[in-house]
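What follows is a single structure, written as structure tokens, with notes after it.
Because the structure is a prediction, the values reported are computed rather than measured.
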Number of protein chains: 2
Amino acid sequence: MFNEITQEEAYNTEHLQRPAKTISMHAESSFKVACSNCNLRELCLPIGLSTDEMKQLDGMVATRKKIKQGGHLYSSGDAFTTLYAIRTGFFKTCVVSEDGREQVTGFQMAGEIVGLDGIVADKHNCNAIALEDAEVCVMPFNHVEDLSREIPVLQRHVHKIMSREIVRENGVMMLLANMRAEERLAAFLLNLLQRLHARGYSKSELILRMTREEIGSYLGMKLETVSRTFSKFSDEGIIEVKQKNVRILDHEKLKTIFNSSTC
Amino acid sequence: MFNEITQEEAYNTEHLQRPAKTISMHAESSFKVACSNCNLRELCLPIGLSTDEMKQLDGMVATRKKIKQGGHLYSSGDAFTTLYAIRTGFFKTCVVSEDGREQVTGFQMAGEIVGLDGIVADKHNCNAIALEDAEVCVMPFNHVEDLSREIPVLQRHVHKIMSREIVRENGVMMLLANMRAEERLAAFLLNLLQRLHARGYSKSELILRMTREEIGSYLGMKLETVSRTFSKFSDEGIIEVKQKNVRILDHEKLKTIFNSSTC
DNA sequence: CGAGTCATTGATCTGTCTCAATATTAGTGG
DNA sequence: CCACTAATATTGAGACAGATCAATGACTCG
């Protein structure tokens, strides 16, 4: 069934990139770190910039950083100095309450920006943890601000990124406050699929990089309920689940579950 | 019991302002609309600006706008052009799902900025509704961006405001996903008290500007549960409730409820 | 291959929802 | 000013979705 899904690092986007040689040069950082060369430039910060503006942007990424699976990109309380653009890999962000309860606040993939939570208090408010080996572009926030003042298109884009996060969280609030387990999981899957699709992946299958517990935390339900709901969808022929592998059999039905209120 | 709470518009901050004469001149808009004159400048956008910078900022507020109780400052789908700073009154913001479910995403009071949700798609993603007669400062977003490029302190402040909203919503996610009814309501009350206190109000009593249903929507519980939880707190001698009037009798206990996980 | 992590499934329990009745307040017009 | 109506709030009883507790199964990785 799932034999076809063999990608070792499904959310990695290296395969969308230039020839292997260029890639390895990137990795060694002997090659200049540059947005204008990056395969993610249409998903990431540089979106909509002219060639000239892109050149200006190249100074923004100070360096790149590799994070091993399970490693912290930053932790709650850390001094905030930079934003990060994810190049490869997959992250979760989570806040931890005083009494130790963990709440996953989001899952981030290539081209997405993390670290915005740190701006308000000059220190991070959550943990960003790699769910698979990952690489990020380090963008000192001072640079971002300096360049934003010079490139209005970039300024607007930074504002949009923050606004997008606010709107996303509004949606999560709706999810958590109003929806039932099935609707939450359907919304979650549809959201992941849509974002992966924008990155060149299939609309009909995906590999979950996170555990049932992490999904449950994000969606406000227990891991057992996540598992049961997966099984239910499977029984109904909507999806096929085998551990972390999920294949979508009936995309429309999934949408219906997401949108249908009561029933 | 509650006879002492007689403020007609409890969350209005006019009383913190300069002599009445100045106020009425403001109101007639024959007097120049200016942040540098505003009593909220230490809570609102101009915070931390020098006198000179404040002068520059005075051009930012294009005009003021009065909203009657129940009126929409903006609605979901409206074109986004401006941010609003609340001068007086109290708002709720809410998103409405396709099938009509309403989710209150926040309550905003004097000095707070609304409209950030509109930046990402150039149209508003939620409704902003006045819960009492209100007045806002209209700040065209283009002006805000133009000025941000010239005044780094303002630029940083705009970023902080957006980041603060992201962090706030992270907290709400934790609330909705992990906490029980009592913890949610305790957190809600403590948050309101703290913000009102920063505006010169009592730490021990407040008037709820919103209905039980709106509180419930925000906190992900039904209005009956909100009511019951109020009654429970009341029975336990933690608060005194009479409709919209709430007096805090045991602030510490409220904090304990908020922080204690299981119990 | 074996230990540990992660996922599935079942049985039972419980916090909150739902439905329903009543009480209180705010608003309206005579 | 009071009566009437609609909106809001309180309280009770019963139902249910999801939590909790518990056992087993599957996969991963050194």
First of B/Arg184 and B/Glu224 reached from the 5' end of DNA chain C, by closest nucleotide: B/Arg184
Rounded to whole angstrom units, what separation is found between the CZ atom of B/Arg228 and the P atom of C/dA23? 16 Å
Polar side-chain atom of A/Ser217 near backbone of A/Glu213 as donor-acceptor pair, under 3.5 Å: no
Does A/Arg212 have a side-chain nitrogen or oxygen under 4.0 Å from the phosphate oxygens OP1 or OP2 of C/dA7? yes
Go through DNA chain D in 5' to 3' direction and return only the first and the last nucleotide with some atom under 4.0 Å of chain B's heavy atoms. D/dA9 to D/dA13
Rounded to the nearest angstrom, tell me the gap between atom CG in B/Leu219 and atom C1' in C/dC17. 16 Å
Write down the distance between CG (B/Leu176) and C1' (C/dT16), rounded to a whole number of angstrom. 14 Å
Want to settle it: does A/Gly220 or B/Ser227 sit nearer the 5' end of DNA chain D, counting the closest nucleotide to each? B/Ser227
Could you state the CE-C1' distance from A/Met221 to C/dG15, rounded to the nearest angstrom? 17 Å
Expressed in angstrom and rounded to an integer, what is the separation of B/Glu213 atom CD from C/dT16 atom P? 18 Å
With a 6.0 Å cut-off (strictly less than), is the heavy-atom count around NZ of A/Lys123, excluding the residue itself, greater than 12? no
Is it true that B/Glu132 and B/Lys68 have a side-chain N and a carboxylate O under 4.0 angstrom from each other? no
Taking the six-membered ring for Trp and the full ring for Phe, Tyr or His, determine whether the centres of B/Phe107 and B/Phe91 are under 6.0 Å apart. no
What's the CE-P distance between A/Met210 and C/dA7, to the nearest Å? 11 Å
Exercise: do B/Gln69 and B/Asp133 side chains pair donor with acceptor under 3.5 Å: no
Expected output: side-chain A/Asp78 to main-chain A/Ser75 donor-acceptor under 3.5 Å: yes
The side chain of A/Lys244 lies closest to which of these nucleotides: C/dA7, C/dT16, C/dT24? C/dA7
Starting from P on C/dT5, measure out to CG on A/Leu208 and report it in whole angstrom. 21 Å
Nearest-Å distance, CG (B/Leu223) to P (C/dT24)? 18 Å
Does a side-chain N-to-carboxylate-O contact under 4.0 Å join A/Glu169 and A/Arg164? no
Does C/dT9 have OP1 or OP2 sitting under 4.0 Å from an N or O in the side chain of A/Ser231? yes
